[in-house]
Every structure is written in structure tokens, then in C-alpha cells.
Amino acid sequence: MSTDTSATVSTKKTWSGGRSPFNVSYGKLMMWIFLLSDAFTFSSLLIGYGAVRFSYPVPPPMVEKLSPMSDLTQKYGHNFVEKMQEIGAFDESHWPAPELVFNHFPFLHGIHLPLMFVSLMTFILIFSSVTMVLAVEAGHRMDKKKVGIYMFYTILGGLAFLGCQAWEWTQFITEGATLSHNPFGPAHFAALFFIVTGFHGFHVFSGVVFNFLIYVNTKRGMYEKRGHYEMVEKVGLYWHFVDLVWVFVFTFFYLI
Amino acid sequence: MHNDNSNEYIPETYIPHVESNGTKEIWRTLIILSVLTVVDIVLYFSMPPLGGLRNITFIILGIVKAYYIVASFMHMKHEKIDLAACIIVPFLLVLGLVAGLLSEGSFWLAN
């Protein structure tokens, strides 16, 4: 086989060898394929969640509609969950309304603030995604200093998100939720909450670890010496995927 | 870079050279994602509770947000169509499976 024939063919045809048919590096292609398989895993969790959830009837309508910002302590005393059980808003045969379960906000105890805390968490992840793309963009310009700064902000965003999730779990557990029992509704409710948000939270944790490694390597000048910042892009893909999964966790656990 | 020379293509070390596209698109995507999240919250409180239409609205908004994250942040819009198809087509098949299993879901557990 003559070498000059394969050289002419390879520059013309995408799939005839001698070039990258996707025009991406090996590592980036593998990252995409890994993310596809991870998306399958999350899909299976959401299928499980959806099947269990839709097998329970919708929550009974509240006799009295709670408006956001209303003072729960004044209205129901200190036992909001027990009051909800008494009026039938929380019972084991109905899936609870998310706005009555996730209505807490740090430092604003006793105020009805449904979904505000998870919205804050959503914004934290969106912003840390933005600093990640800014780091990738700075990497294209070989701007070592900016890559370092933006990676640092991305790590801070990830840690802030994990802190919020720890607070929310603590709140949920303090109110009596475990994997096998919870005061809000069917046992499946808390079990699925812990498993799905826990699996996502573990992804966020791994992402923070990867981001930290990239940050250290950037600071040490490893990528500058290598001549490109492709590692930032690959870990960036993973980080955006974590944000992407959160969009659906937010939709299915809190909005629907 | 030596990688750009196609006659010396080595699959394991090939890195295509990428130019910066500036930050304009990033800020535009940030604004779109923030607005969609606020729309989600506003609709949550203003739409009639727990209907099919309400769920479909939230799922569509989630898919629109996913589009902007994948296309813009993950750069899929600028990748070759071959790569985009390799990742998106298998996932569309899974979405079909999700829809099918969810519509059958109530039968497994309720009956």
C-alpha cells in the first residue's frame, strides 16, 4: 500500500481514516460518550421516580391557600408538619405538594417561602456554569491568569451548591425524613428524594474535585507548557452536564 | 502546533486548534437561562394547580433550558454534525423510552 494514496484520500473523505472524523480530540469524544452513559443512568432514576410518583393520586387541595411570605409560626404554631397532617395535606396515600415540603429558607425560619431556596441553588449552578465557560474561553486565548480566576469562582460555586444541599438535607432529616419513613407522604417520597438528589450531589462533589485538580494544574503552568487548555474544556463538559441534570431534578422534584 | 499537520495524524494525541469566539454568546445564554428559571417560578404560582398542561409546560421549559446548556455552554452548536448526532440520537431514543414507561407506569404499581 503506497503512503501517498492514503494521504490524498485522508484529506478528502471524513470516514476514510487518517484524520479525526468528529474533529475533536480522543479525550473529548470519550467525555461525550461517558456523559451519554451518565444521562442514561439519570434517565433510569427519573423513570423510577416518575412511575412511583404517578401511581399515587395528586395531593388533596388545601382548604385554605397559603400565600408566599406568610408567617407559618403565627398561623400554625411551631408544628407546621403536624398541622398539615391533621388537615390532610400530608398523608401516606397521597404524594405531597412540593411547595408545602420545600418551603424553608436559611435565617428566615417560620416564613412560607416555597421553592425560593431551590431556585437559589439553580442560580448558583447556572452562575458556576458561566464562570466555567469563561475559563474555557480564557483557555482558548492562552490566558493563564484568567483561567485560574474563573476556575476558582467555579469551585466556589460548586462548594456553595453543596453547602445548600447539605442545609436542605439537614432540614429534611430534622423534620423526620428517612429512607424508609417521612412525615409528608408515602415512604417513597423521601427515599427517592435522597437517592436522586444524593446521586446528583455526588456528581457535583466529583465535579468540584476535578475542577480543583484543573485549578492546581493551571496554577502550576502545566497547560501553558502543554500548549493548550483542553483539559479545562473536558472537565467543563462534565460540569455543564451536572447543571443540565439539575435542570431536570428541579423540574421533576420541585415544580411538577 | 504540530498537531495541525494532517499528515501526522495520531488519534491519541490529536487536539484541534480552537479560536475564542468571545464572551457575547455566554452572557446571552446566561440571560436566557435566568429568565426561563424565573418564568418557571412565576408559572408555578400562577398556573392552575396540578394539571397535565402545567406539567407539560414545565417539561418544555426544562427542554429549552437543556438546549441552551448543551448547544451554547457545551459547545455542541459548533461541533460537527456527526458528533452531535452520535450523542443526541441515542438520547432521543431514551427519551422515547422515558415517555413510554411513564405512561405505563401507573399500571405497574397501582394495579
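Residue numbers begin at 1 in each chain, while the letters A, B, ... track the order of the sequences. Note that the structure is a prediction, hence the values are computed from the model and not measured.
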Report summary line: Looking only at A:Phe241, A:Phe248, A:Trp32, most heavy-atom pairs under 4.5 Å shared with chain B are made by A:Trp32

**Report entry** Nearest-0.5 Å distance, NE2 of residue B:His75 to CG of residue A:Leu237
**Finding:** 10.0 Å

Requested in this report: Might you point out which heavy atoms bring A:Ser25 and B:Pro16 nearest each other, and give the distance in Å?
Outcome: N-CD, 3.8 Å

Report summary line: Heavy-atom closest pair (A:Arg141 atom, B:Ser20 atom, distance to 0.1 Å) is CG-CB, 3.8 Å

Report task. Quick one: pull up CZ in A:Phe250 and CZ in B:Phe58 and give me the separation to the nearest 0.5 Å. Result -> 8.5 Å

Requested in this report: Using a cut-off of 6.0 Å, state whether more than 12 heavy atoms not belonging to A:Phe105 lie near its atom CZ.
Outcome: yes

Query raised in the report: So how far is it from A:Glu99 CD to B:Tyr44 OH, rounded to the nearest 0.5 Å?
Result: 4.0 Å

Report task. Taking B:Lys65 for its side chain and A:Val247 for its backbone only, find out whether a donor-acceptor pair lies under 3.5 Å. Result -> no

**Report entry** Step-by-step side chain to side chain donor-acceptor pair (under 3.5 Å) determination, A:Asn23 to B:Tyr14
**Finding:** CA-CA 9 Å; A:Asn23 200 30; B:Tyr14 170 76; 2.6 Å; yes

Report task. Find the one option among B:Gly22, B:Cys86, B:Ala84 whose heavy-atom pairs under 4.5 Å with chain A are most numerous. Result -> B:Gly22

**Report entry** Positions in residues 111-122 of chain A that reach chain B, provided some heavy atom is under 4.5 Å away
**Finding:** A:Pro114, A:Leu115, A:Met116, A:Ser119, A:Thr122

Query - Pairing of A:Lys28 and B:Glu79 as salt bridge, 4.0 angstrom limit - result: yes

Query raised in the report: Do other residues, nucleotides or ligands put more than 12 heavy atoms under 6.0 Å from B:Tyr67 OH?
Result: no

Requested in this report: Rounded to the nearest 0.5 Å, what's the gap from CD1 on A:Ile126 to CG on B:Leu33? Could you check?
Outcome: 5.0 Å

Requested in this report: Please look at B:Ile69 and chain A and tell me whether the side chain, the backbone, both or neither of the residue comes under 4.5 angstrom of a heavy atom of that chain.
Outcome: side chain

**Report entry** Audit row: B:Ile10, A:Tyr26, side-chain contact (heavy atoms from CB on, under 4.5 Å) steps and yes/no
**Finding:** CA-CA 10 Å; B:Ile10 306 160; A:Tyr26 163 80; over 6 Å; no

Query raised in the report: Pick from B:Val98, B:Asn21, B:Ile26: which one has the most heavy-atom pairs with chain A under 4.5 Å?
Result: B:Ile26

Query raised in the report: Which value, rounded to the nearest 0.5 Å, describes the distance between A:Met132 atom CE and B:Met74 atom CE?
Result: 11.0 Å

Query raised in the report: Measuring heavy-atom distances to chain B, does A:Glu137 have an atom under 4.5 Å in its side chain, in its backbone, in both, or in neither?
Result: both

Requested in this report: Verify the neighbour count for atom OH of A:Tyr153: are there more than 12 heavy atoms of other residues, nucleotides or ligands below 6.0 Å?
Outcome: no

Query raised in the report: Where on A:Val24 is there a heavy atom nearer than 4.5 Å to chain B: the side chain, the backbone, both, or neither?
Result: both

**Report entry** Contacting moiety of A:Phe252, where chain B heavy atoms sit under 4.5 Å
**Finding:** side chain

Query - Candidate pair B:Phe73 and A:His240, rule side-chain contact (heavy atoms from CB on, under 4.5 Å), full reasoning - result: CA-CA 7 Å; B:Phe73 284 174; A:His240 298 312; 3.8 Å; yes

Query raised in the report: Which atoms form the tightest heavy-atom contact between B:Ile87 and A:Leu36, and what is the distance?
Result: O-CD1, 3.3 Å

Query raised in the report: Checking heavy atoms, do the side chain of B:Ile59, its backbone, both or neither come under 4.5 Å from chain A?
Result: both

Query - B:Val70 vs A:Leu244 side-chain heavy atoms within contact, under 4.5 Å - result: yes

**Report entry** Side chain / backbone / both / neither for A:Leu255 at chain B, heavy atoms under 4.5 Å
**Finding:** both

**Report entry** Neighbour count >12 (heavy atoms, 6.0 Å) for atom NZ, A:Lys144
**Finding:** yes

Query - Side-chain heavy atoms of A:Tyr254 within contact of B:Asp40, under 4.5 Å - result: no

**Report entry** CD1-OH distance between B:Ile15 and A:Tyr229, expressed to the nearest 0.5 angstrom
**Finding:** 14.5 Å

Query raised in the report: Which members of residues 89-96 of chain B, sorted by number, sit under 4.5 angstrom from chain A on a heavy-atom basis?
Result: B:Pro90, B:Phe91, B:Val94

